Each structure stands twice: as structure tokens, then as C-alpha cells.
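Remember, predicted model here, so these are calculated numbers, not experimental data. The basis for the numbers below is simple: all heavy atoms, side chains too, and nothing from hydrogens, waters or symmetry mates.
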There are 2 protein chains.
Amino acid sequence: MNIGDVARASGVSAKMIRYYETIGLIPPAERSESGYRNYDDNDVHRLRFIRRARDLGFTVEQMADLLALWRDRSRASSEVKKIALQQVAVLERKAEELKAMSRTLKHLAAHCHGDERPDCPILDDLADAAADPGKAPEPARFGPGGIDPVRVRS
Amino acid sequence: MNIGDVARASGVSAKMIRYYETIGLIPPAERSESGYRNYDDNDVHRLRFIRRARDLGFTVEQMADLLALWRDRSRASSEVKKIALQQVAVLERKAEELKAMSRTLKHLAAHCHGDERPDCPILDDLADAAADPGKAPEPARFGPGGIDPVRVRS
DNA sequence: CCTTGACCTTCCAACGGTTGGAAGCTCCAT
DNA sequence: ATGGAGCTTCCAACCGTTGGAAGGTCAAGG
């Protein structure tokens with residue numbers, strides 16, 4: 001199988017497959033005479049593994065850990081569990097932060113007339129809310145020393 | 001005020017203030033004779049605005065929009081509301097995705113013994129779950145054509 | 001006055017994960 | 001044999017942020 005085939009079969013783009021190879025997440029693929037990468041079902045399997053782990057929010061580093069555990073089945077499942085539960089905690093915390101942000105914004109938007117009047121409290125809050133960190137008018141606080149912002153992929 | 005003062009007062013690092021200046025999010029600061037940037041309370045105010053908007057998950061582009069609206073108070077509040085509600089929708093969607101990921105992982109971890117036995121279903125699921133996209137054994141699905149992964153800041 | 005240390009300046013690089021493009025080669029079908 | 005799809009490598013950009021190096025400036029203390 002060529003890289004395009006595995007890409008389609010695994011859901012990981014050819015670009016990313018090459019990238020994962022360069023960073024060492026996957027071992028270098030065998031090459032044909034002409035230099036094309038050759039893959040088999042095992043590789044597809046592993047790439048599906050990666051794809052799924054990535055979609056579950058694991059970092060490349062964590063994926064490397066999981067792949068190592070997967071490769072060596074004699075290892076303790078407790079390690080896998082530990083990694084997974086760590087990830088659960090991270091995901092839940094991030095979800096809570098997003099919810100809090102959403103709540104704040106929704107609250108602010110609710111007081112916005114939505115007509116041509118220029119007195120929308122959203123801007124005032126954005127401008128004034130952080131004036132006295134610790135005394136927030138709204139539920140969600142993200143002041144100094146607060147919660148990490150969240151980066152999302154468009 | 002020097003850049004360090006505004007940085008402390010606004011919660012935006014000096015590095016980021018300079019960066020925001022280079023990308024045009026904020027106008028170039030006035031300089032002293034020696035080349036130091038000079039700021040006043042207004043700048044602190046604006047940077048707090050930015051800080052808060054950033055923490056609420058707005059992109060730099062959206063922040064630029066909001067700042068423009070803030071600057072020109074005669075504009076309709078409906079625009080502000082629109083931007084805010086768009087952001088609410090994005091945040092809620094992302095929060096749901098995170099919850100779904102978390103649910104899947106927690107479910108998988110619950111079937112992991114956590115002892116020395118190597119048969120942890122997490123790895124098997126990661127390896128096999130995506131085998132037939134569309135027929136998932138677990139609640140959360142992130143197959144091809146599915147939901148965007150989430151990037152988080154460590 | 002001179003040194004010290006904290007502050008400022010610019011520039012350059014890297015992070016992580018992904019995508020895009022350019023230039024050139026190979027494979028397969030017509 | 002010619003075209004087009006697919007492969008190769010390399011290089012750059014995206015986002016927001018952080019770090020460092022090399023150098024100039026300020027205020028205080030000896």
C-alpha cells in the first residue's frame with residue numbers, strides 16, 4: 001500500500017503520516033525501489049489507533065506512551081488507566097472552563113438590546129470587569145492567576 | 001508608564017503587548033527619547049479589555065472587531081451581540097465535544113483493572129474502534145468527517 | 001562618578017499540529 | 001509516448017506565546 005491508501009484507510013492525512021514519521025511517533029516505513037513508502041494492514045491499524053487517540057485529545061507525547069504500551073502487551077494496564085484518567089481530568093476541566101466562558105458571554109449578550117442602540121453591556125464589561133480582580137460582576141472569572149484560555153481549531 | 005508597568009497592571013505580558021502591536025491589534029505606543037514605550041491609563045484599560053476577551057476564548061481577529069466597536073460607541077450593539085453569540089455557540093460546541101471525549105475515556109478506564117493484568121480495553125478500543133467508521137461501540141464518535149479535535153494550552 | 005541591577009529595545013527561534021506549495025520523480029492507463 | 005495522478009523532499013506559514021541573546025537606559029547606592 002502506498003501512503004495515499006493508508007491515508008484514506010486510516011483517516012490520517014499523508015502529510016501527517018510523514019510528519020509523524022519525522023518526529024518518531026511511527027517508525028520509518030519501508031521503501032520501494034523508487035522510494036515510495038510501503039505500508040501494510042498493521043500500519044493502517046496503528047494509524048487508526050493514532051487517529052482515534054488524537055481525536056480523543058491526547059497529545060503526541062501521550063500517543064507515544066500509549067503506542068509503547070500497545071506494542072508491549074505484557075505491561076501493566078494500570079499505566080494505561082493512569083494516562084487515560086489523567087486525560088479525563090484534563091478534558092473535564094477544559095469543558096468546565098468553556099462552559100463558564102459560555103455562561104458569561106450568554107449572560108452579557110442577554111442584556112444587549114440587539115438593536116441600533118449603542119449601549120451594549122458586553123463592551124463595558126470587557127473593559128471594566130478586570131479593573132478589580134477578585135470582585136467580578138459575572139459568574140465566570142478569568143483574572144490574573146486564573147484559568148488558562150482555550151485554543152480551538154477552526 | 002513603561003511596558004512592564006502596563007503588563008503588570010493589565011495582566012498581559014510585555015512580550016504579548018509588543019506582539020499585539022506588531023500584528024496591529026493595538027496601535028504603536030508613543031516612545032520616549034530613549035525609545036521606551038510610553039503608556040497611560042487608557043492603554044491599560046484597552047489591554048485589560050484584550051486580556052478579558054482573550055480569556056473568553058475570542059480570537060485575535062474577533063478582538064480586533066470588538067475593539068473597533070468599543071472605539072466607536074455609535075455603532076450598533078447588535079454587532080457586538082452577534083459576535084458574542086457566535087462565540088457562545090462555538091464554546092458550547094467545544095465543551096460538548098470535550099465532555100464526549102471525557103465520557104468515552106472514563107468508560108474505557110472503568111473497565112481497566114488497574115492492576116498488573118495486561119488486558120486493558122482502552123488499547124483495544126483505540127486500536128479497533130475506528131475499524132468500521134459509523135458503527136461505534138462507545139458513545140462518543142470522532143471518526144472521519146467527525147468532530148474537530150480540541151487543542152489545549154498546557 | 002561609577003558600578004550594579006532592573007528595565008527596556010530589537011531580532012530570531014521554537015513550541016505543537018497541521019496545511020500548503022513548489023520542484024521533481026514514478027506509476028499506470030490510454 | 002504522453003498525460004495525469006500520486007509519490008518524493010524541502011520550505012514556509014498558520015495561531016499565540018515564550019524564551020533567549022545582544023545591547024541600550026534608568027535609578028539607586030557606594
Side-chain angles (χ1 to χ4, degrees), chain A residues 1-26 28-39 43 47 50-65 87 90 94 142 144 146-154, chain B residues 1-26 28-39 43 47 50-64 67 87 90 94 142 144 146-154:
Chain A
M1 299 174 85
N2 284 339
I3 200 172
D5 302 317
V6 256
R8 273 180 294 274
S10 67
V12 181
S13 74
K15 284 265 186 195
M16 289 312 300
I17 295 174
R18 295 195 195 97
Y19 169 71
Y20 288 148
E21 188 182 301
T22 66
I23 64 170
L25 181 61
I26 55 177
E30 294 177 9
R31 303 296 187 112
S32 70
E33 264 183 77
S34 56
Y36 282 22
R37 287 174 179 81
N38 283 330
Y39 297 95
D43 297 312
L47 282 168
I50 288 172
R51 163 91 217 249
R52 178 136 171 89
R54 191 188 61 181
D55 289 348
L56 281 169
F58 289 96
T59 66
V60 170
E61 205 173 354
Q62 288 173 317
M63 288 195 280
D65 289 345
Q87 186 60 9
V90 170
K94 291 294 171 189
F142 310 97
I147 306 169
D148 281 349
V150 175
R151 185 86 38 82
V152 283
R153 193 148 56 177
S154 67
Chain B
M1 297 173 87
N2 284 338
I3 199 172
D5 303 315
V6 255
R8 272 180 295 274
S10 68
V12 181
S13 74
K15 285 266 187 194
M16 287 313 298
I17 296 174
R18 295 194 195 97
Y19 169 70
Y20 288 148
E21 188 182 302
T22 65
I23 64 170
L25 181 60
I26 55 178
E30 292 176 11
R31 303 298 188 109
S32 71
E33 265 183 77
S34 56
Y36 283 23
R37 286 174 180 81
N38 284 331
Y39 297 95
D43 296 312
L47 282 168
I50 288 171
R51 164 89 216 249
R52 177 136 171 88
R54 191 188 61 183
D55 288 349
L56 281 168
F58 289 94
T59 67
V60 170
E61 204 174 355
Q62 288 173 317
M63 288 194 281
L67 282 171
Q87 185 60 9
V90 170
K94 291 296 172 187
F142 311 97
I147 308 169
D148 280 350
V150 175
R151 184 86 38 82
V152 284
R153 195 147 57 178
S154 65

Student: If every non-hydrogen atom of B:A7 is compared with every non-hydrogen atom of B:A14, which pair is closest and at what distance?
Tutor: CB-N, 3.7 Å
Student: How far apart are the closest heavy atoms of A:A9 and A:M1, and which atoms are they?
Tutor: CB-CE, 4.5 Å
Student: For nucleotides 20-23 of chain C, give me every protein contact, N/O to N/O, under 3.5 Å, one pair per line with atom names.
Tutor:
| from | atom 1 | to | atom 2 | distance (Å) |
| --- | --- | --- | --- | --- |
| C:dG20 | N7 | A:K15 | NZ | 2.9 |
| C:dG20 | O6 | A:K15 | NZ | 3.0 |
| C:dG21 | O6 | A:K15 | NZ | 2.5 |

Student: Within the pair A:R37 and D:dT8, is there a side-chain N or O less than 4.0 Å away from OP1 or OP2?
Tutor: yes
Student: To the nearest Å, how far apart are B:I26 CD1 and D:dG16 P?
Tutor: 14 Å
Student: Check whether any side-chain nitrogen or oxygen of A:S34 sits under 4.0 Å from OP1 or OP2 of C:dC27, and answer yes or no.
Tutor: yes
Student: Grab the CZ-C1' distance between A:R54 and C:dT18 for me, whole Å please.
Tutor: 9 Å
Student: Can you tell me how far the CG atom of B:D43 sits from the CD1 atom of B:I17, to the nearest 0.5 Å?
Tutor: 9.0 Å
Student: For D:dT9, does OP1 or OP2 lie under 4.0 Å from any side-chain N or O of A:R31?
Tutor: yes
Student: How close or far is atom C1' of C:dC8 from atom CE of B:M1, stated in whole angstroms?
Tutor: 15 Å
Student: What's the separation between atom CG in B:L67 and atom CD1 in B:I50, rounded to the nearest 0.5 Å?
Tutor: 5.0 Å
Student: Could you state the atom-to-atom distance from CD1 of B:I50 to P of D:dG16 in whole Å?
Tutor: 12 Å
Student: Distance check, rounded to the nearest 0.5 Å: A:Y39 atom OH versus A:S10 atom OG?
Tutor: 9.5 Å
Student: With the threshold set at under 4.0 Å for non-hydrogen atoms, list the residues of residues 16-24 of chain B touching DNA chain D in residue-number order.
Tutor: B:M16, B:Y19, B:Y20
Student: Name the nucleic acid region contacted by B:S32, choosing base, sugar-phosphate or nothing; use a 4.0 angstrom heavy-atom cut-off, strictly under.
Tutor: nothing
Student: To the nearest angstrom, how far is A:N38 atom CG from C:dT26 atom C1'?
Tutor: 13 Å
Student: Can a donor-acceptor pair under 3.5 Å be found between the side-chain atoms of B:Y36 and the base atoms of C:dC7?
Tutor: yes
Student: How many angstroms lie between CG in B:L25 and CD in B:E61, if you round to the nearest 0.5 Å?
Tutor: 11.0 Å
Student: Tell me what B:S13 touches on the nucleic acid: a base, only sugar-phosphate, or nothing, going by heavy atoms under 4.0 Å.
Tutor: sugar-phosphate
Student: Run the side chain to side chain donor-acceptor pair (under 3.5 Å) test against A:E21 and tell me which residues pass, sequence neighbours left out.
Tutor: A:R37
Student: Nearest-Å distance, CG (A:N2) to C1' (C:dC25)?
Tutor: 14 Å
Student: Please identify each residue that fulfils side chain to side chain donor-acceptor pair (under 3.5 Å) with B:S32, with sequence neighbours left out.
Tutor: B:S34
Student: Taking only residues at least two apart or on different chains, which pairs with a member in residues 3-19 of chain B satisfy salt bridge (Lys or Arg N to Asp or Glu O under 4.0 Å)?
Tutor: B:D5-B:R8
Student: Find the distance A:L47:CG to C:dG17:P and express it as a whole number of Å.
Tutor: 16 Å
Student: What is the distance from CG of A:L25 to P of C:dG16, rounded to the nearest Å?
Tutor: 12 Å
